[in-house]
Amino acid sequence: MPKKPVLLLVAHGSRDPRHAATVHALVRRVRSTRPDVRVETGFLDFNIPSVQGVLESLAAEGVRDVVALPLLLTRAFHAKADIPAVLRTAPPQLRIRQAEVLGPSPLLLSALERRLYEAGLTPADKSSTGVVLASAGSTDPEAIAVIAEIAREWRRTGWCAVRPAFASAALPRTEDAVRELRSLGCSRVAVAPYVLAPGFLPDRIARGAAEADVLADVLGPSPEVARVLLERYDEARVPALVVVGA
């Protein structure tokens, strides 16, 4: 059987040390879930190792196949431009396949609900609770539309109402969405950060949740996120394992 490609998780990076710590915790969970898969991490900025550095190290070891998986929830600028640009500079002996971003996925909705329940809600609270789906934000209209669609889908699972909000680049802000849900008559308002790791923008989301009743934690190294990562890896690696003429 051909050797499985190395899974390279491509993280954005941050000056906030909580970001890298959360990424590494997620990597540990993925490794424990699938010990047969080699998992490496590279950062686009601020943290080491860099994506380019990891790719050069893998090539020096004799690795041939890599699945590069963006640790991103939406397909915006980083997934469309930054990451492909970095991958194009990889050593030529590497065969690299870029996996799809993590979202949208029903598993991520499950992770959001897990975080809300960990913050104190129960399934019995759904019909009386309005939820703000708070994302980092993007200038990419496709990414904004995806967040709005996720909010519509999530509302159909029984919440009083669900409204999208953005920490940057788009409106509404978290605090405005909280107030809108209050005005709709929801007896309780919760904020669910649709972000993977702590950092500058998640902190802005938290400040915007000051008037909410419940603030959930970031998605972080939840088991659902690990499962989505491995789903994206498996989807991307299968074509790379077909050997023509074998």
Side-chain angles (χ1 to χ4, degrees), residues 12 14-16 18-19 22 71-80 101-220 222 224-225:
H12 183 278
S14 172
R15 293 186 179 90
D16 190 321
R18 296 174 297 168
H19 173 88
T22 302
L71 282 180
L72 300 169
L73 295 172
T74 57
R75 183 173 161 73
F77 182 78
H78 291 302
K80 294 177 178 178
V101 297
L102 304 183
S105 167
L107 284 169
L108 295 178
L109 286 181
S110 297
L112 287 166
E113 295 206 355
R114 169 194 289 273
R115 293 304 189 218
L116 286 171
Y117 297 150
E118 290 170 350
L121 294 179
T122 70
D125 297 322
K126 290 183 77 167
S127 62
S128 60
T129 301
V131 179
V132 177
L133 179 68
S135 77
S138 174
T139 57
D140 189 310
E142 177 187 347
I144 297 302
V146 167
I147 298 299
E149 178 58 27
I150 292 170
R152 285 190 290 270
E153 289 183 12
W154 203 15
R155 163 68 182 85
R156 290 194 282 267
T157 68
W159 296 99
C160 173
V162 180
R163 293 291 185 272
F166 307 94
S168 67
L171 296 174
R173 294 287 184 257
T174 302
E175 52 269 34
D176 297 324
V178 169
R179 293 176 188 130
E180 180 188 356
L181 290 171
R182 291 270 188 231
S183 70
L184 289 175
C186 298
S187 62
R188 187 185 296 100
V189 176
V191 174
Y194 190 59
V195 292
L196 286 171
F200 176 75
L201 293 178
D203 284 349
R204 182 180 288 176
I205 290 171
R207 291 192 296 272
E211 297 178 17
D213 302 292
V214 174
L215 171 62
D217 199 358
V218 299
L219 295 173
S222 67
E224 295 88 354
V225 173

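Considering all non-hydrogen atoms of both residues, C160 and S127 come closest at CB-O, 3.3 Å. Here the shortest heavy-atom pairing between L215 and A209 reads CD1-CB, 3.9 Å. The nearest pair of heavy atoms linking A192 to V131 is CB-CG1, 4.0 Å. Taking all atoms of both residues into account, the shortest heavy-atom contact from A76 to A143 is CB-CB, 4.0 Å. The two residues P164 and A151 come nearest to each other via the heavy atoms CD-CB, 3.9 Å. Heavy-atom minimum distance, V191 versus L116: O-CD2, 4.1 Å.
The stretch residues 131-143 participates, sequence neighbours left out, in these salt bridge (Lys or Arg N to Asp or Glu O under 4.0 Å) pairs: K80-D140, K80-E142. Within the structure, every pair that satisfies the side-chain hydrogen bond (donor to acceptor under 3.5 Å, both in side chains) test and touches residues 192-205, not counting sequence neighbours, is listed here: R18-D203. Counting only residues at least two apart or on different chains, the salt bridge (Lys or Arg N to Asp or Glu O under 4.0 Å) pairs with a member in residues 161-170 are R163-E180. Contacts classified as ring pair (Phe, Tyr, Trp, His ring centres under 6.0 Å) and involving residues 137-158 (residues at least two apart or in different chains) are given here: W154-W159. Among residues at least two apart or in separate chains, there is no ring pair (Phe, Tyr, Trp, His ring centres under 6.0 Å) pair with a member in residues 101-153.
With hydrogens and angles disregarded, no donor-acceptor distance shorter than 3.5 Å links the side chain of R155 to the backbone of V162. Listed for the S128 side chain is no donor-acceptor partner under 3.5 Å among the backbone atoms of S187.
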Could you go through the side-chain contact (heavy atoms from CB on, under 4.5 Å) check for E224 and L219 one step at a time?
CA-CA 9 Å; E224 295 88 354; L219 295 173; over 6 Å; no
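Annotation: side chain of L171 is in contact with side chain of R173 (closest heavy-atom distance under 4.5 Å). The closest side-chain heavy-atom distance from E149 to V146 is not below 4.5 Å. Side-chain contact between L73 and V101: absent, with no pair of heavy atoms (C-beta onward) separated by less than 4.5 Å. Residues D125 and V214 fail the side-chain proximity criterion, which asks for heavy atoms closer than 4.5 Å.
Interatomic distance, E211 CD to L181 CG, rounded to the nearest 0.5 Å: 12.0 Å. Here CG of L133 is found 11.0 Å from CD of E153. Values are rounded to the nearest 0.5 Å. Separating the OG1 atom in T129 from the CG atom in D213 is a distance of 8.0 Å, to the nearest 0.5 Å. Considering CG of L201 and OG1 of T174, their distance stands at 10.0 Å, rounded to 0.5 Å. Within the model, atoms OG of S105 and CD1 of I150 stand 9.0 Å from one another, a figure rounded to the nearest 0.5 Å. Summarising the geometry, atom CG belonging to L71 is positioned 11.0 Å from atom OG1 belonging to T22; distances are rounded to the nearest 0.5 Å.
Residues satisfying the salt bridge (charged side-chain N to carboxylate O under 4.0 Å, His left out) test with D217, not counting sequence neighbours, are none.
Checked against L196 for a side chain to side chain contact (heavy atoms under 4.5 Å, CB included), the options V225, L108, L72 give a single hit: V225.
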